[in-house]
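Down below is the structure, laid out as structure tokens.
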Amino acid sequence: FLIYFIRRTLKTWEYTKRSLGERSVQDAMHETITLRQALSNPNLVNDDHALYPYEIAALCNLMSKDSEPEEAKALIPSLKRYDDEILENILAEMNKVRSK
């Protein structure tokens with residue numbers, strides 16, 4: 001069991017280093033927290049159906065800076081309840097946070 005755990009930990013660390021790129025761990029943590037706070041804002045979606053926590057997590061993990069609403073809906077089917085304009089606002093908010 002210990003060897004399995006060590007191998008999994010090393011694979012996780014390698015993945016984390018790849019996904020961080022040039023950023024420090026603290027910068028990545030700050031970006032993630034800021035993104036989640038921004039996407040949790042109920043005013044962002046203009047209706048009674050705020051983003052669910054799993055949708056926020058998926059958006060943070062899957063969306064790149066040039067993502068389109070159609071891509072978001074394809075990767076996260078529950079987002080189909082929003083029209084493209086609202087999803088464009090969500091993606092624009094994500095890009096604002098990521099560009100800081």
Side-chain angles (χ1 to χ4, degrees):
F1 175 78
L2 183 59
I3 292 172
Y4 173 80
F5 177 75
I6 291 170
R7 285 183 184 156
R8 283 285 160 201
T9 303
L10 288 175
K11 284 185 178 188
T12 302
W13 177 244
E14 289 170 6
Y15 172 80
T16 303
K17 287 192 310 187
R18 277 195 314 270
S19 61
L20 283 177
E22 301 283 325
R23 300 177 300 164
S24 70
V25 173
Q26 290 81 13
D27 289 344
M29 285 175 49
H30 177 71
E31 179 183 294
T32 301
I33 290 168
T34 305
L35 267 172
R36 288 180 186 222
Q37 288 172 342
L39 294 178
S40 296
N41 182 353
N43 298 327
L44 187 62
V45 292
N46 299 331
D47 68 6
D48 296 333
H49 304 291
L51 290 168
Y52 295 114
Y54 74 90
E55 293 170 327
I56 293 171
L59 282 166
C60 290
N61 289 324
L62 299 175
M63 299 290 100
S64 64
K65 291 187 180 193
D66 60 348
S67 294
E68 297 291 328
E70 297 82 26
E71 181 183 4
K73 290 178 183 179
L75 293 171
I76 310 162
S78 62
L79 293 179
K80 291 179 183 175
R81 70 182 187 278
Y82 297 116
D83 62 21
D84 285 352
E85 183 179 331
I86 290 175
L87 283 176
E88 285 173 2
N89 291 340
I90 292 169
L91 295 172
E93 186 67 27
M94 289 177 65
N95 286 334
K96 257 197 292 187
V97 170
R98 286 183 170 159
S99 65
K100 290 183 181 179

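It should be emphasised that the depicted structure is a prediction, and the values quoted were computed from it without experimental measurement. We number each residue from 1, following the sequence as shown.
- Other residues, nucleotides and ligands place no more than 12 heavy atoms under 6.0 Å from the CD atom of Glu85.
- Remark: Gln26 engages Ser24 in a side chain to side chain contact (heavy atoms under 4.5 Å, CB included) (not counting sequence neighbours).
- In the hydrophobic clustering (ILVMFWY side chains linked at under 4.5 Å, chained through shared members), Tyr54 is joined by Tyr52.
- Think of Leu10 as one node in a network of Ile, Leu, Val, Met, Phe, Trp and Tyr side chains linked at under 4.5 Å; its network also takes in Leu2, Ile6.
- Ala38 is linked by a side chain to side chain contact (heavy atoms under 4.5 Å, CB included) to Glu93, Val97, counting only residues two or more places apart in sequence or in another chain.
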Legend entry - Candidate pair Ile56 and Ser40, rule side chain to side chain contact (heavy atoms under 4.5 Å, CB included), full reasoning: CA-CA 8 Å; Ile56 293 171; Ser40 296; 3.5 Å; yes
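- Evaluation of the side-chain hydrogen bond (donor to acceptor under 3.5 Å, both in side chains) rule for Lys80 yields no partner, not counting sequence neighbours.
- To the nearest 0.5 Å, the span separating CG on Leu79 from CZ on Arg81 amounts to 6.5 Å.
- To the nearest 0.5 angstrom, Leu59 atom CG is 8.0 Å from Leu87 atom CG.
- Nearest heavy-atom pair, Leu91 versus Pro69, reported as atom, atom and distance to 0.1 Å: CD1-N, 3.8 Å.
- Residues passing the salt bridge (charged side-chain N to carboxylate O under 4.0 Å, His left out) test with Asp84 are Lys73, sequence neighbours excluded.
- Within the model, atoms CG of Asn41 and CG of Leu51 stand 10.0 Å from one another, a figure rounded to the nearest 0.5 Å.
- Nearest heavy atoms, Glu55 versus Ser78: OE2-OG, 2.5 Å.
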Inset, instruction - Step by step, work out the side chain to side chain contact (heavy atoms under 4.5 Å, CB included) result for Ser67 and Leu75. - result: CA-CA 11 Å; Ser67 294; Leu75 293 171; over 6 Å; no
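- Residues meeting the side chain to side chain contact (heavy atoms under 4.5 Å, CB included) test with Glu31, sequence neighbours left out: Arg23, Leu35, Arg98.
- By the side chain to side chain contact (heavy atoms under 4.5 Å, CB included) test, Arg7 pairs with Ile3, sequence neighbours left out.
- In this structure, Met94 is not a member of the same hydrophobic cluster as Ile33, with clusters built from ILVMFWY side-chain heavy atoms closer than 4.5 Å.
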